[in-house]
Amino acid sequence: MDRWVNQTIENRLWKILDQAAVNNLSVDLQDLLLHLTFDNICGLTFGKDPETLSLELPENPFSVAFDTATEATLQRMLYPRFLWKLQKQFCVGAEKRLKNSLEVVENYMNDAIEACKKAPSDDLLSRFVKMKDVDGKPLSSSVLQRIALNFVLAGRDTSSVALSWFFWLVMKHPDVERKIITEISTVLKETRGSDVRKWTDKPLVFDEVDKLMYLKAALAETLRLYPSVPQDFKYVVSDDVLPDGTFVPAGSTVTYSIYSVGRMKTIWGEDCMEFRPERWLSAKEDWFELPKDRYKFVAFNAGPRTCLGKDLAYLQMKSVASAVLLHYRLSLAPGHRVEQKMSLTLFMKNGLRVFLHPRTLAA
Ligand code: HEM
């Protein structure tokens, strides 16, 4: 992941942000980040960076079809079952959009699978192409398609929306911003010396990013308050009883609100609504510490089906956060309203429009 993320930062993100800063133009940071994470997850999954993050921000048919399919799937959850079933039968409305966009997604996937079969590389799909199933046969194209789809779906927007909320919270909390810059500067002084120009000419490498505990705490605190997946659903396979004694019959669906769990006084204390990264640090404030009860923080789910990309997500978010904050101080564009969008992923409804001010660092 760090190869994909660092080349995107160095070759494209910094150039776009520099140009906006020089011309005193605002940018929609959420939009840029959505392009960046789409490129990264495609690179990781298929071994090919579609380079949608560029000055022109070109529309990518796969990405557009993906968005349309996700939106149309949400309709199924919002409206009564009979309605979408009827739409599906007559191929109209959201169901028509879903069918058409899934065709585009499937074609893209099939091309990618064929390319990986012909010239395998170190991407995820190539690894699965080489794997055998329990009968010793290669995985079928439809299984490979679902695996790849799962990774793109799971790893695409989740990190970019988390980063958007993070940058917004950092703008509102200058004390947190100061601590983040101090932490990064301390690490870079150790690894690159006292010449500050050397701190910003290349993105941080894995070993540098790995040392950023306060930054990780600030990202976890962001995800507590603004979880990228605000609610999750579980399908009940067989009759069961929840720990509080509630009976759940087979065939039902249980929904839990990750958003609410992160904001409950009974779980996080009186200051549960405050953005306070320190709550994630050890007593000496030198180590990132997860709560002892692993079901307290569920932004990445918990238990056997915990997010498989959690460590990659932290690595990517820390790399992007440090790359942006070391170069710039951000300010919200006047009049811009930050609002939540109701969808499966917690987007900012109007994006995140910011101005960038070059930062002066001190050794
Ligand atoms: C801030 C970033 C991320 C957040 C908040 C997040 C959150 C989640 C959540 C809540 C689930 C559980 C979904 C469910 O129960 O249905 C999940 C599953 C998953 N995530 Fe992530 N995710 C993030 C980034 C990533 C990335 C970057 C990748 C891939 C590189 C990834 C790969 C996966 C996969 C493969 C699963 C399915 C695991 C399974 O079902 O066993 N995630 N993630």
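Along the sequence shown, residues carry numbers from 1. Indexing begins at 1, ligand by ligand and atom by atom, following the structure's order.
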For R192, is there an ion pair with E208 - N to carboxylate O distance below 4.0 angstrom? yes

Can K48 and D123 be counted as an ion pair, charged N to O under 4.0 angstrom? no

Could you work out, with side chain to side chain donor-acceptor pair (under 3.5 Å) as the rule, every residue matching E106, not counting sequence neighbours? none

Backbone, side chain, both or neither: what part of V298 comes under 4.0 angstrom of ligand 1, heavy atoms only? neither

Walk me through whether Y214 and W280 qualify under ring-ring contact (aromatic ring centres under 6.0 Å, His included). CA-CA 8 Å; Y214 187 79; W280 296 89; over 10 Å; no

List the residues meeting side-chain contact (heavy atoms from CB on, under 4.5 Å) with D49, not counting sequence neighbours, and say none if there are none. W4, Q7, T8, R12, D39, E51

Could you tell me if D122 and S126 have a donor-acceptor pair between their side chains, going purely by distance under 3.5 Å? no

Would you say Q340 and Y226 are linked by a side-chain donor-acceptor pair, where the criterion is simply a distance under 3.5 Å? no

Non-hydrogen atom of [X] closer than 4.0 Å to ligand 1:
| X | result |
| --- | --- |
| D232 | yes |
| I41 | yes |
| K234 | yes |

Is there a path of hydrophobic side-chain contacts, each under 4.5 Å between heavy atoms of I/L/V/M/F/W/Y residues, joining Y295 to W268? no

In the single-linkage hydrophobic clustering (I, L, V, M, F, W, Y; side-chain heavy atoms under 4.5 Å), do L153 and M317 co-cluster? yes

The complete set of side chain to side chain donor-acceptor pair (under 3.5 Å) pairs with one or both residues in residues 78-88, sequence neighbours excluded, reads none

Considering only non-hydrogen protein atoms, determine which one is nearest to atom 40 (O) of ligand 1 and report residue, atom name and distance to 0.1 Å. R305 NH2, 2.7 Å

the protein heavy atom lying closest to atom 5 (C) of ligand 1 turns out to be A299 O, 3.5 Å

With a cut-off of 2.8 Å, which protein N/O/S atoms are close to atom 21 (Fe) of ligand 1, if we only count those under it? C307 SG

Taking only heavy atoms of L312 into account, list the atoms of ligand 1 that are under 4.0 Å away from them. 30 (C)

Are any non-hydrogen protein atoms located under 4.0 Å from atom 37 (C) of ligand 1? no

